[in-house]
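One structure is given here, and the rest of the page talks about it.
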Amino acid sequence: YINTRVLRGLQSGLSSDRLWSFSSTASVAARSYSHGKQETDEEFDARWVTYFNKPDIDAWELRKGMNTLIGYDLVPEPKILEAALRACRRLNDLASAIRILEAVKDKSGPHKEIYPYVLQELRPTLSELGIPTPEELGIDKA
Amino acid sequence: MEMLHLTAGRVAGLLSRRGVAVFSTSGVKMASHGGVTEQTDMSVPLYCDRLDTPLPDRPYKDTLSAADKSLKQKEKGPWNSLSKEEKLALYRIMFNETYAEMKKPTGEWKTVLGGIFFFIGFTGLVVLWQRYYVYPPHPRTLDDEWQAMQVKRMLDMRVNPVEGFSAKWDYEKGQWK
């Protein structure tokens with residue numbers, strides 16, 4: 001997931017070749033236990049990518065997954081979102097795909113750099129699947 | 001012996017709660033004239049517009065027109081072949097308000113502030129009316145004339161002559177210092 005600590009790297013330039021990387025020593029779990037092995041960021045991301053990549057995922061699982069993910073105190077990594085968008089494609093649900101993008105923008109809160117970064121990373125997928133951004137549809141303004 | 005005093009009122013309360021439980025399963029339409037108010041069926045998946053729930057339990061429109069149905073069929077094909085209007089229509093079938101619409105400021109604060117000022121103003125009018133119609137006449141000890149005589153009496157008996165009241169009066173010149 002995108003931790004706001006790492007946003008400093010973003011400010012140095014949103015180029016496609018990463019000038020920064022997540023510190024692999026960071027073990028910030030989505031849940032805070034006082035004991036037990038903490039899940040790393042990479043494990044968290046991988047778990048969610050696997051969830052959405054299920055070939056025969058059903059609509060309920062998509063909704064449950066997205067609503068749960070949005071409930072966490074983080075913005076999901078683009079690779080998780082890509083898996084979710086592809087799941088929407090398998091379920092023939094364009095509206096939910098657009099909704100997911102709206103939710104990502106909302107989750108970013110005051111950190112306005114996150115959403116353009118996510119869109120930039122998702123651009124190939126969006127073009128391939130034909131998913132418009134809320135801005136392209138004009139629904140980003142009330 | 002200190003026992004729990006189950007008063008009649010307490011017993012009635014317990015029993016009435018049981019009674020309400022029996023009635024409430026059939027819908028919360030109590031003894032009204034005919035129960036015209038529509039009651040949401042909470043036993044089926046409901047739609048909601050919530051920022052923290054991007055994908056509600058059911059689509060917004062569940063009865064689709066023929067045009068909508070054919071659009072849903074088209075949705076099964078490549079999305080690149082959908083026009084912008086069609087994509088927007090698909091969104092609106094599934095969802096009621098967009099995130100932007102959900103987050104739109106309501107201007108409710110103006111109503112709240114206006115209401116506050118209105119009722120403060122109304123209270124002011126009530127207080128004014130009270131002043132003229134409710135309060136009894138002033139006691140005569142508050143008249144200027146009486147107050148002057150009172151001050152003279154206090155000075156004559158040298159009230160607080162060291163540091164307080166009379167200390168501020170110049171007895172030679174007959175005026176305040």
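Residue numbering restarts at 1 for every chain, and letters A, B, ... go by the order of the sequence lines.
Under the 4.5 Å side-chain heavy-atom criterion for ILVMFWY residues, no single connected hydrophobic cluster contains both B:Met154 and B:Trp146. Clustering ILVMFWY residues whenever any of their side-chain heavy atoms sit less than 4.5 angstrom apart, transitively, puts B:Phe165 in the very cluster that holds B:Met157. By the rule that hydrophobic residues join a cluster once side-chain heavy atoms approach within less than 4.5 Å of another member, A:Tyr72 and A:Tyr51 end up as members of one cluster. Cluster annotation: B:Leu55 and A:Trp60 are assigned to distinct hydrophobic clusters (Ile/Leu/Val/Met/Phe/Trp/Tyr, side-chain heavy-atom contacts under 4.5 Å, transitive).
Proximity to chain B (any heavy atom under 4.5 Å) is restricted, for A:Ser127, to the backbone atoms N, CA, C and O. For chain B, the nearby parts of A:Asp106 are the backbone and the side chain; heavy atoms of each come within less than 4.5 Å. For A:Leu91, no part sits under 4.5 Å from any heavy atom of chain B, backbone or side chain.
Enclosure of atom CD in B:Gln175 by more than 12 non-hydrogen atoms of other residues, nucleotides or ligands within 6.0 angstrom is indicated. Taking a 6.0 Å sphere around NZ of A:Lys64, one finds it holds 12 or fewer heavy atoms contributed by other residues, nucleotides or ligands.
Between B:Asp52 and A:Ile70, the closest heavy-atom pair is O-CG2, 4.0 Å.
A distance of 10.0 Å separates NZ in A:Lys107 from CG in B:Leu51, rounded to the nearest 0.5 Å.
Of the possible polar contacts, one joining the A:Arg99 side chain to the B:Pro54 backbone as a donor-acceptor pair under 3.5 Å is found.
Scanning for side-chain contact (heavy atoms from CB on, under 4.5 Å) contacts around A:Thr50 gives an empty result, with sequence neighbours left out.
At a heavy-atom cut-off of under 4.5 Å, chain A is reached by B:Glu75, B:Lys76, B:Gly77, B:Pro78, B:Trp79, B:Asn80, B:Leu82, B:Lys84, B:Lys87, B:Leu88, B:Leu90, B:Tyr91, B:Met94, B:Phe95, B:Glu97, B:Thr98, B:Tyr99, B:Ala100, B:Glu101, B:Met102, B:Lys103, B:Lys104 from residues 73-111 of chain B, listed in order of number.
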